[in-house]
Amino acid sequence: MPELPEVETVRRMLATTVVGRTIRAVRLSGAALRERIPGSLARRLRGLRFTGTDRHGKYLLLHLDAGVTLLSHLGMSGRWLFFPVAPQAGLPHVHARVQLADGAELWFQDPRRFGLLRLVATTRLGDDRALAALGPDPVTAPLSAADFRARAHGTRVSVKSFLLDQRRLAGLGNIYASEILFRAGVDPRRRAGVLRPAEWEAIAAAVPVVLAEALERMGTTFSTYRTIWNEPGQFAERLAVYDRAGEPCRRCGTPIRRIVQGQRSTFFCPGCQARGSRGRPARGAPMGT
DNA sequence: ATCCTATCCTGTAGGC
DNA sequence: TGCCTACAGGATAGGA
């Protein structure tokens with residue numbers, strides 16, 4: 001469930017905690033994540049200092065001196081946990097323990113092991129196959145309605161599936177795709193290739209608003225996601241549609257529906273996201289349907 | 001090229 | 001109470 005707001009929350013926190021600190025040693029579990037972590041990763045990180053952070057979509061980049069970047073992806077259940085003092089007790093599913101020179105520790109925990117840890121030369125980030133495949137990041141490179149429309153031209157997939165495709169737009173996952181379409185008043189079942197300009201306008205406007213609100217509350221926690229201080233995000237209570245099947249829409253009272261698209265749940269309000277609507281009015285405006 | 005499905009994995013919720 | 005199954009969804013390989 002970590003999507004852009006969750007990863008950005010983690011990035012900001014790591015920027016104020018680990019940047020400037022030096023790695024004394026790295027211990028690996030030996031378990032394979034999305035791909036196997038080579039033992040050389042621990043050896044290459046030893047003695048390096050964190051110099052900065054970046055994020056592209058759901059990928060988190062921790063830059064170190066010596067021209068090395070530690071690329072990570074949280075997958076479904078991954079967490080970076082920071083401990084100012086090394087804990088006495090261990091935790092299950094910790095795949096990397098980064099021991100810092102001052103005694104603090106940074107752990108990568110991932111029960112389901114869909115996550116990723118990889119070292120990349122800082123100057124060759126553009127060549128990395130995972131990063132190279134990503135579309136623009138909607139926070140660092142916001143897309144206009146015209147951009148969306150151009151990217152969707154000719155595609156037959158639903159607008160929900162379109163928003164989830166990291167090659168087209170990097171950072172949205174299942175939660176925020178549904179939330180953004182609700183905010184925009186667009187039916188998730190509509191084909192992305194035939195949306196009208198007004199609908200793309202509504203989507204382009206909704207993306208930064210929904211992401212900013214989620215980021216302000218440190219993201220959405222259902223069960224697994226935590227910040228580096230092991231705190232849950234607070235956006236779950238603000239969700240308009242996600243995981244609210246059968247509950248009344250907060251705006252019009254219509255029961256929220258759950259459907260399956262591309263083997264994933266989609267949640268939407270049949271009242272506010274009517275098929276063929278032009279995008280609903282801005283929040284607070286008269287309903288008009 | 002584009003789209004769709006199955007796969008990886010574990011914790012948890014629900015049924016019986 | 002306890003066992004079993006289904007489900008959650010990140011990315012991606014491979015097939016249609």
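It should be emphasised that the depicted structure is a prediction, and the values quoted were computed from it without experimental measurement. Here is the naming used below: chain letters follow the sequence lines, and residue numbers restart at 1 for every chain. Atom set for the values below is all heavy atoms of this structure, side chains included, hydrogens, waters and symmetry mates excluded.
A:T155 comes within contact range of the sugar-phosphate backbone alone, with a heavy-atom separation under 4.0 Å but no base atom that close. Residue A:Q166 is in sugar-phosphate contact alone, with no base atom involved, counting any heavy-atom pair closer than 4.0 Å across all strands shown. Among the protein residues, A:S161 comes within range of no part of the nucleic acid, since none of its heavy atoms lies under 4.0 Å from any strand. Residue A:R258 is in sugar-phosphate contact alone, with no base atom involved, counting any heavy-atom pair closer than 4.0 Å across all strands shown. Residue contacts for A:R168: at a heavy-atom cut-off of 4.0 Å it reaches the sugar-phosphate backbone alone, with no base atom in range.
Toward the 5′ end of DNA chain C lies the nearest nucleotide of A:N174, the other residue of the pair A:R129 and A:N174 mapping further downstream. Between A:M76 and A:Y59, it is A:M76 whose nearest contact on DNA chain C lies nearer the 5' terminus.
When all heavy atoms of A:V210 and A:Y176 are compared, the closest pair comes out as CG1-CD2, 3.9 Å.
Using the Watson-Crick or G-U wobble rule with both distances under 3.5 Å, C:dA11 pairs with B:dT7.
Atom C1' of nucleotide B:dC8 and atom CZ of A:R36 are separated by 17 Å, given to the nearest angstrom. Rounded to an integer number of Å, the gap from CZ of A:R34 to P of B:dT10 is 17 Å. If you measure from atom CD of A:E35 to atom P of C:dA13, you get 10 Å, rounded to the nearest angstrom. Protein atom CG of A:L164 is 10 Å distant from nucleotide atom C1' of C:dG10, rounded to whole Å. Protein atom CZ of A:R264 is 6 Å distant from nucleotide atom P of C:dG10, rounded to whole Å. For the pair A:K58 NZ and C:dT12 P, the interatomic distance rounds to 10 Å; values are reported in whole Å. Atom CG in A:L4 sits about 13 Å away from atom P in C:dG10, given to the nearest Å. In this structure, the CG atom of A:L60 is 17 Å from the P atom of C:dG10, given to the nearest Å.
Between B:dC4, B:dC8, B:dT5, one nucleotide has an atom nearer to the side chain of A:V157 than all others, and that is B:dC4.
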(message) Assess the residue pair A:T53 and A:R11 against the criterion (side-chain hydrogen bond (donor to acceptor under 3.5 Å, both in side chains)); give the C-alpha distance rounded to whole Å, side-chain angles, the decisive distance to 0.1 Å, and a yes or no.
(response) CA-CA 7 Å; A:T53 65; A:R11 187 199 67 77; 2.8 Å; yes
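Under 4.0 angstrom from either OP1 or OP2 of C:dC7 there lies no side-chain N or O belonging to A:S265. In terms of phosphate contacts, A:H73 brings a side-chain nitrogen or oxygen within less than 4.0 Å of OP1 or OP2 of C:dA11. For A:H93, a side-chain nitrogen or oxygen approaches OP1 or OP2 of B:dG11 to under 4.0 Å. A sub-4.0 Å separation between OP1 or OP2 of B:dT10 and a side-chain N or O of A:R113 is present.
Salt bridge annotation for A:R21-A:D102: present, with a cationic side-chain nitrogen under 4.0 angstrom from a carboxylate oxygen. Using a 4.0 Å cut-off between charged side-chain N and carboxylate O, A:E213 and A:R238 make no salt bridge. A salt bridge links A:E105 to A:R97: one of the charged nitrogens lies within less than 4.0 Å of a carboxylate oxygen.
Here the separation of B:dC9 from C:dG14, taken at their P atoms, is 16 Å to the nearest Å.
Partner A:E237 forms a salt bridge (Lys or Arg N to Asp or Glu O under 4.0 Å) with one of A:R250, A:R244, A:R217 and no other, that one being A:R217.
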